[in-house]
Amino acid sequence: MSGQTQLLPVSKRHILFQGDTCAISDATTLENMQVAADAVRQPGTLVAFPTETVYGLGGSAFSDESVGAIYKAKNRPADNPLIVHVASAAQAERLLLPQTHRIPEVYAPLVLRFWPGPLTILLPVESGSRVSALATVGQATVAVRVPGDAVARALIAMSDTPLAAPSANASTRPSPTLASHVMHDLAGKVPLVLDGGACRVGLELTVVDGLVDPPVLLRPGGISVEQIRLCGGRWLLLAVGKSSAGAHEAVRTPGMKYRHYSPTAQVVLFEACGDGRAAVKKYVDGVQGKVGLLRAARFSLAAEMGICAEERSMGATEQAVARLMFRLLREMDDLGVDVILVEGVGDDGDGLAVMNRLRKAAAVVVRAGSWAADAGQTAQG
Ligand code: TXA
Ligand code: MG
């Protein structure tokens with residue numbers, strides 16, 4: 001589509017779920033949710049909506065026209081399958097599993113503990129499945145999640161339509177955590193954006209495949225490896241896959257091979273560089289243009305030296321960094337920065353997902369004094 005994009009405000013505080021049914025106590029929210037739910041049911045009509053991780057660009061998972069429109073609006077490569085969002089596990093069993101009507105037993109502890117929430121699981125594509133083959137890219141599995149955000153769940157419940165949705169950014173741009181980010185990237189390309197405020201988690205969710213033995217982590221995200229292993233049984237053996245792959249390598253999560261999450265400015269990631277004073281100074285000396293710094297817990301001294309034109313704190317914990325990182329990468333672009341220096345965090349817990357995204361965004365990685373251009377990521381995504 002090309003035309004006007006309507007921004008519809010909604011208040012998640014006024015959406016209440018009891019079991020799988022939702023009640024909306026605010027008139028504007030109810031009206032706007034109804035408009036969006038009616039629209040998203042229509043083949044070819046997309047709605048951007050908040051989830052607790054990032055904003056999604058959704059269309060009916062049952063419609064080739066809708067799913068095709070998603071790839072087109074984002075300019076997304078057609079070999080990168082989409083996550084299907086459902087309102088509840090019961091809705092997934094009713095609408096996505098026409099043969100068994102049962103989510104495979106292996107997922108029971110994860111579904112119980114993490115849904116609704118930032119975890120995606122792979123389900124088999126059963127015969128008679130109505131999910132568009134464009135969404136699964138013809139694979140034998142379909143990636144499914146129940147978002148924790150009340151706006152997202154209500155949209156799916158009210159339309160009774162599973163929504164295929166990637167993050168609502170233009171392909172390769174940082175994922176959107178505010179409705180204004182969606183407008184920046186997609187205004188004129190989607191008819192409706194639901195504005196439900198800032199996303200709580202701030203980066204994409206975890207993807208796991210429990211249909212193989214041992215189960216595999218396909219993408220680190222809002223739920224950590226440690227949390228999943230605590231579910232016990234086969235999940236104790238959860239294998240952590242590679243976080244990136246070469247452009248020509250066959251991968252089970254096709255999205256892994258594309259460069260992602262990049263602002264326009266060049267991102268330079270600092271790993272294991274202590275308080276950053278020596279490494280930042282050394283790096284900045286050789287840089288032309290306006291330099292910005294995004295710091296985490298340890299780079300405050302580098303910031304105090306005043307060698308960067310712009311400087312922002314992402315926060316002192318991995319969780320805080322996860323929440324603000326995409327927003328601040330975009331903000332640095334808005335400030336006209338040419339090079340963004342980013343303080344990395346450790347790879348434990350939530351840090352794994354943060355570093356997975358930062359390494360994909362980075363053109364250069366500086367490790368304790370040495371640096372190398374990241375040659376691993378070549379394709380556009
Ligand atoms: O938080 C999020 O993950 C957001 C919100 C909107 O849900 N979604 C998102 O989707 O960022 P996207 O398209 O950027 O990432 C989906 C990931 C990709 O790495 C894709 O390759 C993988 O899930 N995926 C989807 N279907 C798959 C499948 N059947 N098998 C393996 N990987 C799959
Ligand atoms: Mg994405």
Side-chain angles (χ1 to χ4, degrees), residues 46-59 61 67 70-71 73-86 96 116-125 129 131-149 151-153 155-156 162-177 181-182 185-186 194 196 199-212 215-223 241-245 250-262 322 326 353 356-357 360-361 379 381:
L46 306 184
V47 174
F49 59 94
T51 77
E52 77 277 33
T53 51
V54 301
Y55 273 73
L57 177 61
V67 177
I70 294 172
Y71 284 96
K74 279 198 63 156
N75 198 15
R76 178 184 174 103
D79 70 348
N80 191 3
L82 302 175
I83 294 171
V84 175
H85 298 61
V86 289
L96 300 180
L119 178 77
T120 292
I121 62 176
L122 293 197
L123 295 179
V125 175
S129 169
V131 175
S132 164
L134 296 176
T136 57
V137 193
Q139 299 206 61
T141 54
V142 53
V144 178
R145 76 177 284 202
V146 177
D149 187 284
V151 174
R153 273 185 88 197
L155 177 66
I156 304 160
L163 298 182
S167 45
N169 52 291
S171 206
T172 77
R173 296 273 304 150
S175 297
T177 59
H181 299 159
V182 181
D185 285 12
L186 298 179
L194 287 173
C199 300
R200 179 175 58 79
V201 178
L203 55 75
E204 294 86 347
L205 40 61
T206 309
V207 182
V208 291
D209 182 359
L211 302 177
V212 291
V216 180
L217 177 82
L218 294 177
R219 180 171 75 177
I223 307 273
K242 289 200 292 176
S243 63
S244 64
V251 281
R252 300 201 37 252
T253 300
M256 293 197 307
K257 72 186 182 205
Y258 296 109
R259 176 182 286 288
H260 256 148
Y261 318 119
S262 304
F326 284 138
N356 166 273
R357 305 308 188 278
K360 287 188 181 197

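In listed order, ligands and their atoms are each counted from 1.
Summarising the geometry of Cys199 relative to Thr51, their closest heavy-atom pair is SG-O, 3.4 Å, with the distance given to 0.1 Å. Smallest separation of non-hydrogen atoms from Gly222 and Leu203: N-CD1, 4.3 Å. Residues Leu194 and Tyr55 come closest through the heavy atom pair O-CE2, 3.3 Å. The shortest heavy-atom contact between Pro50 and Ala152 is O-CB, 3.3 Å.
Looking at Glu204, Arg76, Lys74, Glu52, it is Glu204 that brings a heavy atom closest to atom 11 (O) of ligand 1. Of the options Ala135, Ala168, Ala143, Gly138, the smallest heavy-atom separation from atom 26 (N) of ligand 1 is shown by Ala143. The heavy atom nearest to atom 25 (C) of ligand 1, considering only Pro81, Ala152, Ala48, Gly56, is found in Pro81.
Within ligand 1, counting atoms from 1 as listed, the ones closer than 4.0 Å to a heavy atom of Gln139 are 28 (C), 29 (N), 30 (N). Each of the following atoms of ligand 1 lies closer than 4.0 Å to a heavy atom of Thr53: 1 (O), 2 (C), 5 (C). Within the listing of ligand 1, atoms 5 (C), 6 (C), 7 (O) sit less than 4.0 angstrom from a heavy atom of His85. Near Arg145, with a cut-off below 4.0 Å to any heavy atom, the atoms of ligand 1 are 1 (O), 2 (C), 5 (C), 7 (O). For ligand 1 and Thr141, the ligand atoms under 4.0 Å from any heavy atom of the residue are 28 (C), 29 (N), 30 (N). Taking every non-hydrogen atom of Ser167 and a distance limit under 4.0 Å, the qualifying atoms of ligand 1 come out as 8 (N), 9 (C), 10 (O), 11 (O), 14 (O).
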**Prompt:** Yes or no on side-chain hydrogen bond (donor to acceptor under 3.5 Å, both in side chains) for Thr53 and Arg145, after CA distance, side-chain angles and deciding distance?
**Reply:** CA-CA 11 Å; Thr53 51; Arg145 76 177 284 202; 3.1 Å; yes

**Request:** Starting from the C-alpha separation in whole Å, work towards a yes-or-no answer on side-chain contact (heavy atoms from CB on, under 4.5 Å) for Phe326 and Arg357.
**Result:** CA-CA 9 Å; Phe326 284 138; Arg357 305 308 188 278; 4.1 Å; yes

**Check against side-chain contact (heavy atoms from CB on, under 4.5 Å), Val125 and Gln139** = CA-CA 8 Å; Val125 175; Gln139 299 206 61; over 6 Å; no

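Between Arg219 and ligand 1, an N or O atom pair is found at a separation short of 3.5 Å. Annotation: Pro166 places no N or O atom under 3.5 Å from an N or O atom of ligand 1; distance criterion only. At least one N or O atom of Asn80 sits closer than 3.5 Å to an N or O atom of ligand 1.
The Mg ion (ligand 2) does not have Ser175 among its coordinating residues (no N/O/S atom, backbone or side chain, under 2.8 Å).
For the pair Val142/Ser129, no side-chain contact is recorded, criterion being any heavy-atom separation below 4.5 Å from C-beta on. Taking the side chain as every heavy atom from C-beta outward, Val208 and Leu119 approach each other to under 4.5 Å.
At a 4.0 Å cut-off, not a single heavy atom of Thr136 sits close enough to ligand 1 to count as contact.
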